[in-house]
Amino acid sequence: MALSLALTATPEGLRVRQYPPSLSVMRGETATLSCHFEVESLKYGVQWFKMKSEKQLIAKSARQSVVEKNQTSSLVITEVAPEDSGWYYCEVNVLQKEPEWGNGTELVVLAPPSAPRIYLQIPPDPQTGRWALLCLTGGFRPSELTLTWTYQSTTVNIDHLSVTNCTLPAVSPDGNLSEHPADGSLLSSDWLLDSAPPSRPRCFQVMDSRSQEVFLFSVFVLPMKQSLDTGITFTCGVQDHPAMSTALTASFTWDASPNELILQLNILKMCFLSAMTVLLLVEAAKHFCLQGK
């Protein structure tokens, strides 16, 4: 695909152009932004700026350097990070003339999402409560992503399950990405289960305030345990991100293990209560014997 280069001409004949107009680089790689200019005077200088709320001068550092050759200035940024994303401009200053700016280059740093992880959410009452599956992925830039739930079973009919997708950004004002949870609610399992309607999964987008990394997770509430047969495999997939070439998936199979887990927990609970009862009886007998003496 050919790149269209904007050209700026001044009455004094100074011409400045930047290329490419947009550059996408994977996190950790090296980005090279070029600025070419034509000027007859030998007394000139070139500066690079990054535009935020106001222009910010790019200072030389261990990761940022400027190389000039044949009236071309190149800004080289090594080990690019997501915070390096933005618009960069070169400014050419010629003695006794007004400075001239290039047309700008947008740097987009791509960070692929992490492999999805599925967690089984056990309700306070495992026998009568609603179980849920949680799928989590994060660390991706930009915030463009689709998280899908699928299921597969060779032995049972599961047409009563409804599984949909989560897409960033939301496709409409009433899209399938829910609003952010209130502070503290994210850690509440009751809130996760109660807020997600049984008819479809619910998705939430959160951001780490320190790293500014975006995380997306989906809560899929399962049908009542009694109506959910064994042998169903649920798969969470992550796709449609510019830094990905293939989809990432994680799977969870609903089998007898949840029921066995409940049984083992009940047995452990009974053993613990029995042991505590025996200890209390022994202590009471000792106390009684001491009083008799």
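Bear in mind that the values here come from a model prediction, so they are computed numbers and not experimental data. By convention here, the first residue in the shown sequence is residue 1. Note: hydrogens, waters and symmetry copies are ignored here, and every other heavy atom, side chains too, is used.
Atom OG of Ser218 is separated from atom CD1 of Ile118 by 10.0 Å, given to the nearest 0.5 angstrom. Distance check, rounded to the nearest 0.5 Å: NE2 of His36 to CZ of Arg17 gives 5.0 Å. For the atom pair OG1 (Thr167) and CG (Leu147), the distance works out to 9.0 Å, reported to the nearest 0.5 Å. With values rounded to the nearest 0.5 angstrom, Asn103 atom CG is found 8.0 Å from Trp87 atom CH2. Taken from CH2 in Trp48 to CG in Leu33, the straight-line distance is 5.5 Å, to the nearest 0.5 Å. To the nearest 0.5 angstrom, Leu120 atom CG is 9.0 Å from Leu134 atom CG.
At distances below 3.5 Å, at least one donor-acceptor pair connects side-chain atoms of His241 with backbone N or O atoms of Pro142. Between the Arg130 side chain and the Leu222 main chain, a donor and an acceptor come within less than 3.5 Å of each other. Side-chain N or O atoms of Gln18 include one that pairs as donor or acceptor with a backbone N or O of Tyr88 at under 3.5 Å. Here the side chain of Thr105 pairs a donor or acceptor atom with the backbone of Pro20 at under 3.5 angstrom. Thr137 places a side-chain N or O within 3.5 Å of a backbone atom of Ser114 that can act as its donor or acceptor partner. Looking at Arg141, its side chain never comes within 3.5 Å of a backbone N or O of Pro112 through a donor-acceptor pair.
Between Phe234 and Phe220, the ring planes lie tilted relative to each other; the angle falls in the 30° to 60° range.
When the shell of 6.0 Å around CZ of Arg117 is examined, it contains 12 or fewer heavy atoms from other residues, nucleotides or ligands. At most 12 heavy atoms of other shown residues, nucleotides or ligands fall within 6.0 angstrom of atom CD in Glu79.
Closest approach of Ala31 and Val25 over heavy atoms only: CB-CG2, 3.9 Å. Looking at every heavy atom in both residues, Gly138 comes nearest to Phe215 through CA-CD2, 3.4 Å. Counting all heavy atoms, side chain and backbone alike, Pro116 lies closest to Ala250 at O-CB, 3.3 Å. Of all heavy-atom pairs between Thr78 and Ala62, the closest is OG1-O, 4.0 Å. Nearest heavy atoms, Val221 versus Ala132: CA-CB, 4.1 Å. Nearest heavy atom pair, residue Pro113 against residue Val238, reads CG-CG1, 3.7 Å.
At least one side-chain heavy atom of Gln47 sits less than 4.5 Å from a side-chain heavy atom of Asn93. Looking only at side-chain heavy atoms (C-beta outward), Glu91 and Glu100 stay at 4.5 Å or farther from each other. The shortest side-chain heavy-atom distance between Val16 and Cys35 falls under the 4.5 Å cut-off. In this structure the side chain of Ile232 never reaches within 4.5 angstrom of the side chain of Gln152, judged on heavy atoms. Side-chain contact between Ser85 and Leu107 is absent, with no heavy-atom pair separated by less than 4.5 Å. In this structure, Cys135 and Phe217 have side chains that are not in contact, with every pair of non-hydrogen atoms separated by 4.5 Å or more. Side-chain contact check for Gln239 versus Thr148: some heavy-atom pair is nearer than 4.5 Å.
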Original post:
Between Thr30 and Ile77, is a side-chain contact (heavy atoms from CB on, under 4.5 Å) present by the stated rule, with each step listed?
Top reply: CA-CA 6 Å; Thr30 298; Ile77 307 175; over 6 Å; no
Original post:
Is there a side-chain contact (heavy atoms from CB on, under 4.5 Å) between Ser65 and Lys60 once you walk through the steps?
Top reply: CA-CA 5 Å; Ser65 60; Lys60 293 183 179 179; 5.6 Å; no
Original post:
Between Val46 and Val66, does a side-chain contact (heavy atoms from CB on, under 4.5 Å) hold up when you go through it step by step?
Top reply: CA-CA 9 Å; Val46 181; Val66 176; 5.9 Å; no
**OP:** Report the C-alpha separation of Lys55 and Tyr89 in whole Å, then their side-chain angles, then the decisive distance to 0.1 Å, and conclude whether the side-chain contact (heavy atoms from CB on, under 4.5 Å) test is met.
**Re:** CA-CA 9 Å; Lys55 67 177 185 179; Tyr89 292 87; over 6 Å; no
**OP:** For the pair Thr32 and Ser74, evaluate side-chain hydrogen bond (donor to acceptor under 3.5 Å, both in side chains) and give the outcome as yes or no after the intermediate values.
**Re:** CA-CA 6 Å; Thr32 301; Ser74 298; over 6 Å; no
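Under the 4.5 Å side-chain heavy-atom criterion for Ile, Leu, Val, Met, Phe, Trp and Tyr, Val108 and Tyr19 are members of distinct hydrophobic clusters. Using a 4.5 Å cut-off between side-chain heavy atoms of Ile, Leu, Val, Met, Phe, Trp and Tyr, with links allowed through other members, Tyr119 and Phe204 fall into the same hydrophobic cluster. Linking Ile, Leu, Val, Met, Phe, Trp and Tyr whenever their side-chain heavy atoms come within less than 4.5 Å puts Met51 and Leu57 in one cluster. Follow the hydrophobic side-chain contacts under 4.5 Å out from Val214 and you never reach Leu110; the two are in separate clusters.
The residues Asp84 and Lys50 are annotated as not salt-bridged, no charged nitrogen and carboxylate oxygen being separated by less than 4.0 angstrom.
Of the N and O atoms on the side chains of Ser251 and Thr235, at least one donor lies less than 3.5 Å from an acceptor on the other residue.
Aromatic pair Phe37/Tyr44: centroids less than 6.0 angstrom apart.
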